[in-house]
Asks: 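Structure below; questions to follow.
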Amino acid sequence: MGKKRAREADGAAPAEQNVDKMDEDSSDDEDFDMVNVEFEWFNFDPEIDFHGIKSLLRQLFDIDAALFNVSGLADLVLSQPTIGSTIKVDGKETDAYAMLTALNTSVHSGNESMKDLLKYIVEKAQTNPSLAVIPGLVNAGKHIGLVFSERLINMPSELAPPLYSMLMEEIQDAVDDKEPYEFTHYLIWSKTYQELESKLDVENQRRKKAKEEAEVYYFHPEDEILQKHAVAYGSFNYTKEDEAVADSKRAFQEMGVKAQGHLILIEAAKFRGAVEAVADYLKAQ
């Protein structure tokens, strides 16, 4: 299908965001140019979007992406081109800068890529009491909308509300057409991170225990609002987590960064209210 109507975060007008870019031709580091960037919404296109969606999924799964058949999951996403959206800036033929979709965990439970993912979800949910309700729903074969939402770093968070709003509209249209998208819950896969003292700072090791409960930060600001409407939410450690990761991700700062997976489970009946709350929150920023 063709180009979707681009909208503002409130769902009204074509989306046009201002992005600050450094003036590369200037020798003055303080000189900046303001560049207007128009974001365009598109349906998924299997002929164009495979590599872009695969890259965004790898980013979403972080270091545990190697545990999954990401190509197979990208194919699943592309198999339902009218459920969810991509956002691009240079026309349909380019890679997506952002994506959002929802896969039916029950319908795709026989797919090997989804099997591996559901097994992982159950195992990780069992490591956090806050996520205890999730394994039962997955194992019972409930029709859960597994939401993949990811965007490139520095993409404005104001893009999230129209992405979610269009997803709800498309799912309702699919339900009206008797397609299998009548979910009991939505399960949003996301990421959080904590700032940790580096292993390299040997002199600070004595204070390590005092830092164990570090503050949680969100890669996607909307997640903090969505989880206020959730039945369950919580983070989990990655399987391939390495103690050296925090040091490798230290970039001009004293603190290391520890990323974690994050799950947010919302009842379908409360999903619209959660999305509206996100729009109100981001509009006020």
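Numbers here simply count residues along the sequence, with the first being 1.
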Asks: Taking all non-hydrogen atoms of both residues into account, name the closest pair between Ser85 and Leu163 and its distance.
Replies: CB-CD2, 3.8 Å
Asks: Minimum heavy-atom separation for Met155 to Leu159, with atom names?
Replies: CE-CD1, 3.5 Å
Asks: Knowing that exactly one of Val138, Leu117, Ile188 qualifies, which makes a side chain to side chain contact (heavy atoms under 4.5 Å, CB included) with Leu146?
Replies: Leu117
Asks: Taking only distance into account, with no hydrogens and no angle test, what donor-acceptor pairs under 3.5 Å do side-chain atoms of residues 47-55 form with protein atoms, sequence neighbours excluded?
Replies:
| unit_1 | atom_1 | unit_2 | atom_2 | d |
| --- | --- | --- | --- | --- |
| Asp49 | OD1 | Lys88 | NZ | 2.7 |
| Asp49 | OD2 | Asp45 | N | 2.8 |
| Lys54 | NZ | Ser71 | OG | 2.8 |

Asks: Would Val175 and Met166 show up in the same hydrophobic cluster when neighbours are defined by side-chain heavy atoms closer than 4.5 Å?
Replies: yes
Asks: May I have the step-by-step check of salt bridge (Lys or Arg N to Asp or Glu O under 4.0 Å) for Glu241 and Lys258, ending in yes or no?
Replies: CA-CA 9 Å; Glu241 181 181 26; Lys258 176 186 177 183; 3.3 Å; yes
Asks: Any side-chain to backbone donor/acceptor pair from Asn69 onto Gly72? Under 3.5 Å, distance only.
Replies: yes
Asks: Please name all residues satisfying salt bridge (Lys or Arg N to Asp or Glu O under 4.0 Å) with Glu222, sequence neighbours left out, ordered by chain then number.
Replies: Arg151
Asks: What do the steps show when you test Lys191 against Asp62 for side chain to side chain contact (heavy atoms under 4.5 Å, CB included), and what is the final call?
Replies: CA-CA 8 Å; Lys191 298 191 299 182; Asp62 207 274; 3.5 Å; yes
Asks: If we only count heavy atoms from C-beta on, is the Leu187 to Ile121 side-chain gap below 4.5 Å?
Replies: yes
Asks: Just verifying a value: how many Å separate Asp176 CG and Gln172 CD, rounded to the nearest 0.5 Å?
Replies: 4.5 Å
Asks: Mind listing the closest non-hydrogen atom pair of His220 and Ser149 along with its distance?
Replies: CE1-O, 3.0 Å
Asks: What is the distance from atom CD of Glu224 to atom OH of Tyr218, rounded to the nearest 0.5 Å?
Replies: 5.0 Å
Asks: Once side-chain contact (heavy atoms from CB on, under 4.5 Å) is applied, do any residues pair with Glu123, and if so which ones, sequence neighbours excluded?
Replies: Lys119
Asks: Taking C-beta and beyond as the side chain, do Gln194 and Tyr217 meet within less than 4.5 Å on heavy atoms?
Replies: no
Asks: Can you tell me if Ser79 uses its side chain to pair, donor with acceptor, with the backbone of Leu76 under 3.5 Å?
Replies: yes
Asks: Working to the nearest 0.5 Å, report the span between CD1 of Ile63 and NZ of Lys240.
Replies: 8.0 Å
Asks: Can you run down the side chain to side chain donor-acceptor pair (under 3.5 Å) pairs that involve residues 96-106, sequence neighbours left out, and say none if there aren't any?
Replies: Gln80-Thr101, Asn104-His143
Asks: Nearest 0.5 Å please: distance from the CG atom of Leu118 over to the CD1 atom of Ile134.
Replies: 11.5 Å
Asks: Please answer whether the main-chain N or O of Glu179 pairs with a side-chain N or O of Asp177 as donor and acceptor at a distance below 3.5 Å.
Replies: no
Asks: Do Phe183 and Ile171 make a side-chain contact, defined as non-hydrogen atoms from C-beta onward lying under 4.5 Å apart?
Replies: yes
Asks: Going by distance alone, is a donor N or O of one side chain under 3.5 Å from an acceptor N or O of the other, for Thr82 and Asn43?
Replies: no
Asks: Using a 4.5 Å cut-off on heavy atoms from C-beta on, say whether the side chain of Val275 contacts that of Pro161.
Replies: no
Asks: Does Tyr186 have its ring centroid less than 6.0 Å away from the ring centroid of Tyr164?
Replies: no
Asks: If two hydrophobic side chains count as joined below 4.5 Å and joins carry through other members, does Phe44 share a cluster with Val107?
Replies: no
Asks: Show me the donor-acceptor pairs, under 3.5 Å and distance only, between side chains in residues 259-266 and residues at least two apart or in other chains.
Replies:
| unit_1 | atom_1 | unit_2 | atom_2 | d |
| --- | --- | --- | --- | --- |
| Gln260 | NE2 | Asn237 | OD1 | 2.7 |
| His262 | ND1 | Gly234 | O | 3.3 |
| His262 | ND1 | Ser235 | OG | 2.7 |
| His262 | NE2 | Gln227 | OE1 | 3.0 |

Asks: Determine, using the 4.5 Å side-chain heavy-atom cutoff (strictly less than), whether Val147 and Val231 are members of one ILVMFWY cluster.
Replies: yes
Asks: For Glu170 and Gly84, work out which heavy atoms get closest and say how close.
Replies: OE1-N, 2.8 Å
Asks: Any side-chain heavy atom of Leu137 within less than 4.5 Å of one from His185?
Replies: yes
Asks: Measure the shortest side-chain to side-chain distance between Phe61 and Leu73 over non-hydrogen atoms and say whether it is less than 4.5 angstrom.
Replies: yes
Asks: Any chance you could measure Leu60, atom CG, to Glu150, atom CD, to the nearest 0.5 Å?
Replies: 5.0 Å
Asks: What's the spacing between Ser190 OG and Phe219 CZ if we round to 0.5 Å?
Replies: 8.5 Å
Asks: Taking the side chain as every heavy atom from C-beta outward, state whether Gln59 and Leu152 have any atom pair closer than 4.5 Å.
Replies: yes
Asks: Would you check if Val89 and Phe39 make a side-chain contact, meaning some heavy-atom pair closer than 4.5 Å?
Replies: yes
Asks: Looking only at heavy atoms, what is the nearest atom pair of Ser109 and Lys115, with distance?
Replies: O-CG, 3.0 Å
Asks: Please name the pair of heavy atoms, one in Tyr181 and one in Ala174, separated by the smallest distance, quoted to 0.1 Å.
Replies: CD1-CB, 3.5 Å
Asks: Does the pair Glu195 and Glu215 meet the rule for a side chain to side chain contact (heavy atoms under 4.5 Å, CB included), with working shown?
Replies: CA-CA 7 Å; Glu195 291 183 341; Glu215 184 176 355; over 6 Å; no
Asks: Provide the full list of ring-ring contact (aromatic ring centres under 6.0 Å, His included) pairs with a residue in residues 100-125, sequence neighbours left out, each pair given once.
Replies: Phe68-Tyr120, Tyr120-Trp189, Tyr120-Phe236
